[in-house]
Structure formats: structure tokens, C-alpha cells
> 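One structure is given below, represented as C-alpha cells, and several questions about it will come after.
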Amino acid sequence: MFDLETLCGWINEKKDIGGIVFLTVVPDNGIKPIVAVCKKGRNPEVWKVAKKLKIGSAVRIDGQYAETQISKKGLEFIPCKIVVVSEMSEEKIPIDFSGKTPFLLDTKLDYRYLTLRLPRERAIFIIRSEILKLAREWFYKNGFIEVHTPKLCGAGAEGGATVFELNYFEKKAYLAQSPQLYKQMLMSGLEKVFEITPYFRAEKFSTTRHLNESWGIDMEVGFIDNEEDIMRLLEDLIVHLVEGLAERCSKELKILNVKLKAPEKPFPRIKYDEVLEILRRRGVEIEWGEDLGDREEKILGEEMTKSGIDFYFITKYPWKVKPFYIMRENYLSRSFDLDCKGLELASGGQREHRINELVNNMLEKGLNPKDFEFYLEAFRYAMPPHGGYGLGVERLMMKLLNLENIREAILFPRDRWRLVP
RNA sequence: GCCCCGGUCGUAUAGUCCGGACGAGUAUACCGGCCUGUCGAGCCGGAGACCCGGGUUCAAAUCCCGGCCGGGGCGCCA
């Protein structure tokens, strides 16, 4: 007897041409569809079931892959038994599984689970999963350990974005806007840590590149010399991710029409002062000491693209636009941003590990050191020089996959208006 | 916080500017029929929508007001 295989999945398309019914079945966590060919002459029972099947239904099919593959759409499969494990009972399906009728982003997000039956949407999240897997592999290979810091925090803003406030018994609590303070505290006990974590930002964003709940790949390393050490580690990770995706996700990338080429190390380091010069040549004048806005980053991105460069660091920012925990160097800071094609993907730098300097920094930023006692305490017990970065997962995906809206890169986005599903 | 824009069959859209044969068109999905290799198949038939409330008018999908829901940009932010 022949060995039978069993497929489980949903029917995306049904083409009934009389004596043959073609069923397009969503493959198990893959993207290449399976085409079940049900011929009346070969198996009348199967044909009869297939003819009555509703698009969208979940089925289990026993059979074999066809010896001669004719279909241009997917892997051809010859069923000998079809069982409907869950019938599509809604008459009106909000999206067209054949992919012929477009849908708006909003519709896609309302019915995310349904759109995940489409190859393009599956590809995006298969790639997301692979990015995180590659990142973990890189960190483990380089001697890091994975940590988890609290997302419910007692301290409010660390400067920068506003935080979500909530009730915590008789106290106020805040959702972590980043693991920054905690991963630094860990530097007084561990040498190399990383965390894959949500960030919560309470800004009323309404753009294609902001989320109120986003995910970051964060790391922190002790005993460093300066921020250059961190940049080297970050560019190495980026190259590892891009090369890994190109190798392992070629099918998914093809569906998204993306060709990945690993950037060359080292990525260019462009000093803040040089950025101002480049902007000036483009007729954009900003005052020294001002932070770079979206417009400025976009223009810089265009200039870099002209030179064939996608990834680049912006270094030597003025200290006044960077947060208190960044190490100061006169009026500059030991910080950097990693940008890709005009979008900031990561920021990092060397942190201030000397408690007196750190307290001074806080005071200069108008923060009260008393509010950060729990954090400062960790700096009293031989805190080594350290640094790290936070890399935005969705932003990285946007740039790698040419996604127009950051919401495409996350299953159930949280934005100014969207809290369900 | 500020400023624009939109809401029409399940989905995606045409129509709105300039009110009248819009009795609301098209595509796809859906229902029924024909077809033994479809590849966004094809052909025949069917069903399916003007966000809500008020106003103007002989006449409102179309104009006005309010509400609800959504989209985008700026600021801020990664």
C-alpha cells in the first residue's frame, strides 16, 4: 500500500470546472499553497465532498502528493479523503481569500486572523519570527543571557516619551516605556544581557511609523571602553539578521518582492556636525543643538541612499538632546542612533556609570534624583562602565520589507485609536 | 495639543464638485446552472449598499448643521 499524508488547513480557493474541483489549501505554517485536485473519475466520493465545500472551511485531507505536478499555483495533492473539521458558517467573508479583491489596512487589522491565511501576510510574520530567532541565536553565540525586566514600574518618565499610568493597588504604576533603567541596574551583577520586550509609549501618535505598544531588541554590556564597542556589536547583529533572513526566508521574501543584501561592515559613522553640513548642502538649516526631526532624518536618508548606503550611525549628538543616563563628553554625548533609509531604528550609547556624574545629569535635565533612588542605589556598588542599545523590531521590519505602515509589522497594533482586537 | 480628509452591497470602488431616469454602476466574494487541468479560468441566471439624526427643497447618496466611526499630516517620539 501507499503511504498516506495528512494535510490540515483552510480552503482559500475552490475552482469547480465540472468533473474536477481544484482546492487551494493553506499550508501548515508555510506559504506555498497546496492544490488538491479532486476528479470525479478518480474518486467520486472525494469529488462530491469537494464540490460542496465552502471557501474558508477548515479541512483535513488524506492523500498523496501528485507524481506529476501540473499546477502553477502550488504543490499538487491527490486526496483520497476529505473531512471538514470546521465549516465556514458565515455567508459573507470580510476578505477575499483568493487575493483578487484588495482590502484596506483597517479591514486587515480587524480581521487579522483571516488575512493570516494569505501568503503575503503569513510571510511577514514568518519573517518576524525568524528575525527574533536569529537575534536570539546571535546573542547566545556571543555570550549574552536573556533577561526580563518589569513592565509595571513604580517610577514614571525617564525623560522622552510620556508613559501610561495605571492603578496598582493603592499606588500609581506606569507601563515601562523601555527596559533602560533596569538593564543598567543589571550591569552591577551581569556582564552581557539582552531582552526582547514591549515598549509602551503614551504619545498620541498618528503616523505610519509609530505604535503605542511596540517591541524592542534591547541589550546592555558591561566593561566597555566606549560607545564604539556597542556600535560594532549592533552592526554585527544587523548583518547577521539580514544574511540569515536572505538564507532562511527566500520564499517569504520573494512573495514580498524583497531582495535583501547584507550591508557592509563597518557601517558609516556620521557625526552630528557632519549631518548638519549635509543638511545645509540640501538647503535645510537647523540650529546646532537641535535634535534631528523626521524631515531631517529623511533627507539624510536620501543622501545616504545616493551613495548606496542603507544602514548608518549618527554619532556625537549634543548632550542636551539625549537622556540623562547617556555619558556626557563636554557638550557632546557618547550616544548614537542607527538609521536605515531615513528612519531611526535604534539608539544607544555608553551610559554614565559614575554616580556623581549621573546625579548631576539628572539635575541638569530637571529630574529629581530622589525619584530614582532605586536606580541610583545600583551605582553605589562598583558599577562598571557599560552601554547598550534598543532596536525597534517593527521599524526594522518596515525597512527590510518595504512596509508602508508600521501596523503591518505587528499582529494586533496598539495605536491612538485601536485597542481591539 | 493643532490641521486636513473620508464614511455607498461582505470586500474594494464609481457616482457627490454642478440635487432630478440613481429604479445607485463595476470588480470580486456569495447563491443556482454548464464545463475533466483551473492558474485572477470562462459563460448564463440570482441576491446584496447610500453611517445616524435633523434641516433646506416639488425633489437629497449628492447641499447645510450636529453626532458617531475611521484615515492622514504636524508637534512630540523610537
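Convention: sequence-line order gives letters A, B, ...; per-chain numbering from 1.
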> Could you tell me which nucleotide pairs with rG45(B) by Watson-Crick or G-U wobble geometry, both distances under 3.5 Å, or answer none if nothing does?
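When the pairing criteria are applied, rC31(B) turns out to be the nucleotide that pairs with rG45(B).
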
> May I ask you to decide whether Lys151(A) forms a salt bridge with Glu195(A), counting only side-chain N to carboxylate O separations under 4.0 Å?
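Answer for the salt bridge query: yes.
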
> Only pairs with both distances under 3.5 Å count, Watson-Crick or wobble alike; so what is the partner of rC69(B) in this structure?
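Check on rC69(B): paired to rG6(B), both distances under 3.5 Å.
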
> Is it true that the NZ or CZ of Lys108(A) lies under 6.0 Å from the centre of Phe103(A)'s six-membered ring and within 45 degrees of the ring axis?
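The answer is no, since Lys108(A) fails at least one limit relative to Phe103(A).
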
> Any strand counts, and the cut-off is 3.5 Å on both contacts for Watson-Crick or G-U wobble. Which nucleotide pairs with rG19(B)?
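rG19(B) is paired with nothing.
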
> Does a side-chain N or O of Thr208(A) approach OP1 or OP2 of rG73(B) to a distance below 4.0 Å, or not?
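Answer yes for this pair, as a side-chain N or O of Thr208(A) is under 4.0 Å from OP1 or OP2.
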
> Name the closest nucleotide to the Glu344(A) side chain, picking from rA41(B), rG10(B), rA78(B).
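Between rA41(B), rG10(B), rA78(B), the one nearest the side chain of Glu344(A) would be rA78(B).
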
> Is Glu13(A) salt-bridged to Lys73(A), going by a charged N under 4.0 Å from an acidic O?
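The answer is yes: the pair qualifies as a salt bridge.
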
> Picking from rU11(B), rA41(B), rG10(B), which would you name as closest to the side chain of Lys92(A)?
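The listed nucleotide nearest to Lys92(A)'s side chain is rG10(B).
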
> Between rC39(B), rU38(B), rA27(B), which one does the side chain of Ile70(A) approach most closely?
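Of all the options, the side chain of Ile70(A) is nearest to rC39(B).
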
> For the side chain of Ile17(A), starting at C-beta, report the closest nucleotide among rU11(B), rA41(B), rG71(B).
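Among rU11(B), rA41(B), rG71(B), the one nearest the side chain of Ile17(A) is rA41(B).
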
> Given the structure, check if the side chain of Ser71(A) and the base of rU38(B) hold any donor-acceptor pair shorter than 3.5 Å.
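Under the 3.5 Å cut-off, the side chain and the base do form a donor-acceptor pair.
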
> Among the nucleotides rG71(B), rU38(B), rG37(B), which one has an atom lying closest to any side-chain atom of Trp417(A)?
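The answer is rG71(B).
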
> Not counting sequence neighbours, which residues clear side chain to side chain donor-acceptor pair (under 3.5 Å) with Arg128(A)? List them please.
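By the side chain to side chain donor-acceptor pair (under 3.5 Å) rule, Arg128(A) matches Glu394(A).
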
> Does a side-chain N or O of Thr107(A) approach OP1 or OP2 of rA12(B) to a distance below 4.0 Å, or not?
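Indeed, a polar side-chain atom of Thr107(A) lies that close.
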
> Want to settle it: does Gly74(A) or Asp291(A) sit nearer the 5' end of RNA chain B, counting the closest nucleotide to each?
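Upstream on the strand: Gly74(A).
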
> Could you tell me the Watson-Crick or G-U partner of rC74(B), where both distances fall under 3.5 Å? Say none if there is no partner.
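In the structure as shown, rC74(B) has rG1(B) as its Watson-Crick or wobble partner.
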
> Could you pull out the closest heavy-atom pair between Arg120(A) and Ile255(A), with the gap in Å?
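Taking Arg120(A) first and Ile255(A) second, the nearest heavy atoms are CA-CG2, 3.7 Å.
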
> Look at Lys72(A) and rU38(B) and indicate whether a side-chain polar atom (N or O) is within less than 4.0 Å of OP1 or OP2.
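No.
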
> In terms of the nearest nucleotide of RNA chain B, which residue is placed more toward the 5' end: Arg416(A) or Glu13(A)?
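Checking each residue's closest nucleotide, the 5'-ward one belongs to Arg416(A).
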
> According to a strict under-4.0 Å criterion, is Arg209(A) in side-chain N/O contact with OP1 or OP2 of rC74(B)?
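For Arg209(A), the contact criterion (side-chain N or O under 4.0 Å from OP1 or OP2 of rC74(B)) is met.
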
> Is Lys100(A) close enough to rA29(B) that one of its side-chain N or O atoms is under 4.0 Å from OP1 or OP2 there?
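Checking Lys100(A) against rA29(B): at least one side-chain N or O falls below 4.0 Å of OP1 or OP2.
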
> Does the rG37(B) base have a donor-acceptor partner in the side chain of Lys15(A) within less than 3.5 Å?
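Check fails, no donor-acceptor contact within cut-off.
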
> Below 4.0 angstrom from OP1 or OP2 of rG72(B), is there any side-chain N or O of Asn405(A)?
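Yes.
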
